[in-house]
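Notes for the one structure printed next.
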2 protein chains.
Amino acid sequence: MDDVARAAGVSRSTASRAINGGLRVSPEAQAAVDDAVARLGYSPNRAARSLVTRRTDSIALVMPEPDERIFTDPFLAATLRGVSAGLAGTDLQLVLLLARPGERPGHMARYLGSGHVDGVIVTSHHRGDRLEPELAGGPLPAVFVGRPFEDDGLRWVDVDNVDGGRLATRRLLERGCRRIATITGPLDMTSGVDRLSGWRAEMRAAGLPDDAVVEGDFTIAGGTEATQRLLDEHPDVDAIFAASDLMAEGALRALAARGLSVPGDVAVVGFDDLGVAASTTPRLTTLRNPAVEMVNAATSTLLALLAGEDVSPEPQVFEVELVEGASA
Amino acid sequence: MDDVARAAGVSRSTASRAINGGLRVSPEAQAAVDDAVARLGYSPNRAARSLVTRRTDSIALVMPEPDERIFTDPFLAATLRGVSAGLAGTDLQLVLLLARPGERPGHMARYLGSGHVDGVIVTSHHRGDRLEPELAGGPLPAVFVGRPFEDDGLRWVDVDNVDGGRLATRRLLERGCRRIATITGPLDMTSGVDRLSGWRAEMRAAGLPDDAVVEGDFTIAGGTEATQRLLDEHPDVDAIFAASDLMAEGALRALAARGLSVPGDVAVVGFDDLGVAASTTPRLTTLRNPAVEMVNAATSTLLALLAGEDVSPEPQVFEVELVEGASA
DNA sequence: AATAGGTGTGGTAGCGCTCCCATGCCCGAA
DNA sequence: TTCGGGCATGGGAGCGCTACCACACCTATT
């Protein structure tokens with residue numbers, strides 16, 4: 001930076017100010033510094049800057065997903081896109097924190113707690129991650145994508161999962177189905193719990209039994225397996241609400257394997273519409289999960305927090321929307 | 001750190017040495033420091049350390065993928081897993097660099113060139129990314145996942161794409177197909193080019209025409225569209241080698257739409273086996289792409305480079321393997 | 001004409017850490 | 001006993017930058 005200052009004919013202080021937004025800098029000095037920076041190809045040393053500003057200019061994207069799900073789930077990709085897009089125009093770095101096999105619990109929480117990043121976006125979190133207590137009330141700005149279990153003092157964005165479960169079920173009711181089952185997401189995730197409770201609410205309101213429930217894991221294989229169990233236990237089901245498209249796809253396969261037609265014998269509704277639904281046979285009727293927009297919103301919120309702005313602590317809940325397919 | 005040193009009854013210098021591996025530290029001092037660190041919950045300030053060591057303790061994973069492909073391609077997820085797994089046990093951070101819409105070209109190269117990371121893994125790169133010239137011969141340790149176009153002085157790992165193209169084609173020849181087409185990957189990527197040349201080599205060796213070629217983009221929609229073009233231009237094709245499973249899935253759909261049976265009328269072979277192949281109807285015959293192992297190897301190589309070890313500049317090429325499905 | 005306030009500027013301290021060097025110590029060899 | 005050499009230790013410099021402060025200057029207000 002000394003070189004830049006010298007080349008621009010100003011002091012280090014003025015150069016620094018010019019580089020950082022140019023408050024209290026005359027137009028001439030600003031221009032001279034800009035020119036010197038360009039000519040010398042100067043780029044500030046992040047470490048030195050961090051040391052004094054006590055900011056790291058990086059945020060973490062946390063995915064405490066322990067299993068293989070991360071491999072196939074389009075939600076992961078959507079999340080990355082959303083965050084990356086939200087960071088465009090800032091000079092923040094995106095640090096990715098994936099759960100690693102064999103890692104002791106609390107490792108991530110400790111990492112986050114020790115000042116390596118300025119803020120954090122948590123997604124795909126499970127009950128028992130220890131992230132919620134660590135981040136609630138802590139000094140680190142954090143936004144959860146997906147409602148946390150205990151949301152005291154936590155900011156979060158989510159889709160309206162309960163309403164999604166309701167809409168899916170209503171759709172099945174409207175087409176005349178009466179024995180409607182559901183394959184839930186993991187019940188240690190709120191998205192799993194909430195979609196289930198939407199289904200349950202609608203079933204009860206219709207005066208129908210809400211006992212045909214199998215827990216899935218958001219994967220194709222899990223959906224297939226769950227459907228087999230379901231059909232064994234409740235051979236009379238005429239519809240399935242799967243809490244994700246991947247599981248719905250698994251369900252389609254299990255149904256096909258048993259020679260059941262969709263939607264003739266069993267109607268199927270999925271959840272997400274992140275690419276999978278359009279690629280099944282028949283095409284899935286599903287609920288659009290505005291994942292990218294949602295993650296983008298989470299990122300914006302985090303940026304606002306980092307900028308010290310007053311951000312409403314209210315969660316942002318995105319509407320879901322039924323997408324017509326041929327499966328229900 | 002002063003606190004730790006004081007609590008341990010040693011000087012800052014000794015504390016620092018103890019924390020960083022403990023060379024020239026007596027067992028007693030080491031124990032005292034370890035104890036103090038644990039008691040005080042001390043974690044070193046990364047910025048301060050970086051400032052003096054001139055290392056950042058972070059590596060970049062670069063995905064200069066400009067389009068939507070990143071959304072659905074399981075290769076992305078496999079890459080993340082592989083890198084994350086490879087970093088387990090180190091205290092390196094993983095910084096994710098995705099191409100952002102509207103970003104001027106060269107932006108990434110500039111970023112990487114200015115010392116923000118200690119090393120870089122590049123994946124999914126295209127001709128024209130400007131990454132190759134920037135990284136070749138430059139000071140920044142770099143490993144490409146996927147052969148670069150100009151590999152002078154670059155380290156890379158890849159699967160044997162040419163052999164993959166050959167194996168796929170041979171399989172189709174063996175089942176008696178004679179009019180074999182291919183849907184290529186993007187031809188500004190070496191994986192696209194190499195799989196095509198494997199196909200071409202085998203076709204020529206068999207004395208068959210190698211003109212039924214359509215360029216795809218590694219997506220389902222692209223595969224569908226390419227297949228339609230293919231069938232229009234060459235109605236006599238009896239087999240298709242698609243350079244990715246996603247495109248193969250698109251092909252299956254286009255074929256189904258035209259009432260052609262698979263593999264009866266047209267046999268199909270895909271490429272990747274990263275989850276998609278198992279979920280199509282019929283199940284795809286494909287080539288296993290050992291993506292996670294490959295990326296893991298790339299990460300190990302990078303770590304070795306960072307450690308200053310002598311690493312052979314030879315590329316590491318992984319074998320592909322035919323996976324039986326029902327489509328060919 | 002004198003004062004107050006605002007603006008651009010340069011000097012300087014210090015962020016938390018590692019590295020270099022000087023010091024003191026103990027051991028074995030002369 | 002004396003001396004050289006290894007080893008553990010502590011002191012201090014300095015990495016590159018920003019934040020604070022003091023200063024000069026310039027314009028409006030009394």
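Here is the naming used below: chain letters follow the sequence lines, and residue numbers restart at 1 for every chain.
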Next item on the list: Enumerate the residue pairs fulfilling salt bridge (charged side-chain N to carboxylate O under 4.0 Å, His left out) with a member in residues 8-21 of chain B, sequence neighbours excluded, ordered by first and then second residue.
Entry: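 Found Asp2(B)-Arg12(B).
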Notebook entry, point to check: Just how large is the angle between the end axes of the helix from dA1(C)-dT30(D) to dA30(C)-dT1(D), five pairs per end, to 10 degrees?
Noted result: 40°
Notebook entry, point to check: Hey, are the side chains of Glu319(A) and Pro290(A) touching, using non-hydrogen atoms and a 4.5 Å cut-off?
Noted result: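 In short, these two side chains do not touch, never coming nearer than 4.5 Å.
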Next item on the list: Would you mind classifying the nucleic acid contact of Arg54(B) as base, sugar-phosphate or nothing, using non-hydrogen atoms under 4.0 angstrom?
Entry: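 Result for Arg54(B) = sugar-phosphate.
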Check: For Asp2(B), which contact category applies under a 4.0 Å heavy-atom criterion: base, sugar-phosphate, or nothing?
Finding: nothing
Could I get the full list of salt bridge (charged side-chain N to carboxylate O under 4.0 Å, His left out) partners for [X], not counting sequence neighbours?
X	answer
Glu28(B)	none
Asp152(A)	none
Arg6(A)	Asp3(A)

Margin query: Heavy atoms within less than 4.0 Å of DNA chain C: which residues of residues 43-50 of chain A have one? Give them sorted by number.
Written below: none
Note to self: For Arg127(A), give me all partners under side-chain contact (heavy atoms from CB on, under 4.5 Å), at least two apart in sequence or on another chain.
What the structure shows: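 Testing Arg127(A) for side-chain contact (heavy atoms from CB on, under 4.5 Å), a comparison that skips the adjacent residues, returns Phe149(A), Asp188(A).
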Notebook entry, point to check: Residues two or more places apart in sequence or in another chain: which of them pass side-chain contact (heavy atoms from CB on, under 4.5 Å) with Asp57(A)?
Noted result: Arg46(A), Arg49(A), Arg55(A), Leu92(A), Asp118(A)
Check: Which side chain to side chain donor-acceptor pair (under 3.5 Å) pairs, counting each pair once, include a residue from residues 29-40 of chain B, with sequence neighbours left out?
Finding: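 Residue pairs passing side chain to side chain donor-acceptor pair (under 3.5 Å), neighbours aside: Gln30(B)-Asp34(B), Asp35(B)-Arg39(B).
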Margin query: Quick check: on DNA chain C, is the nucleotide nearest Pro27(A) upstream (toward 5') of the one nearest Ser13(A), or the reverse? Name the residue that is more 5'.
Written below: Pro27(A)
Margin query: Using heavy-atom distances to pick each residue's nearest nucleotide on DNA chain C, tell me which of Arg17(A) and Ala15(B) is more 5'.
Written below: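 Looking at DNA chain C, the more 5' nearest nucleotide goes with Arg17(A).
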Side chains of residues 306-316 of chain B: which donor-acceptor partners sit under 3.5 Å, not counting sequence neighbours?
| residue | atom | partner | partner atom | Å |
| --- | --- | --- | --- | --- |
| Ser312(B) | OG | Glu314(B) | N | 3.0 |
| Gln316(B) | NE2 | Thr301(B) | OG1 | 2.9 |

Check: Run the side chain to side chain contact (heavy atoms under 4.5 Å, CB included) check on Val145(A) and Phe75(A) step by step: do they pass?
Finding: CA-CA 11 Å; Val145(A) 173; Phe75(A) 195 82; 4.2 Å; yes
Check: Which pair of non-hydrogen atoms, one from Ala29(A) and one from Val10(A), has the smallest distance, and what is that distance?
Finding: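 That would be CB-CG1, 4.3 Å.
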Checklist line | Opening and closing nucleotides of DNA chain D in contact with chain B, under 4.0 Å to non-hydrogen atoms | finding: dC7(D) to dG16(D)
Checklist line | Along DNA chain C, first and last positions that approach a heavy atom of chain A under 4.0 Å | finding: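 First-to-last contact on DNA chain C, by the 4.0 Å heavy-atom rule, is dT7(C) to dG16(C).
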Notebook entry, point to check: When rounded to the nearest 0.5 angstrom, what is the spacing between CE in Met63(A) and CG in Leu80(B)?
Noted result: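 If we round to the nearest 0.5 Å, Met63(A):CE and Leu80(B):CG are 8.0 Å apart.
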Check: Which distance, rounded to the nearest 0.5 Å, do you find between the NE2 of His125(A) and the OG of Ser191(A)?
Finding: 8.5 Å
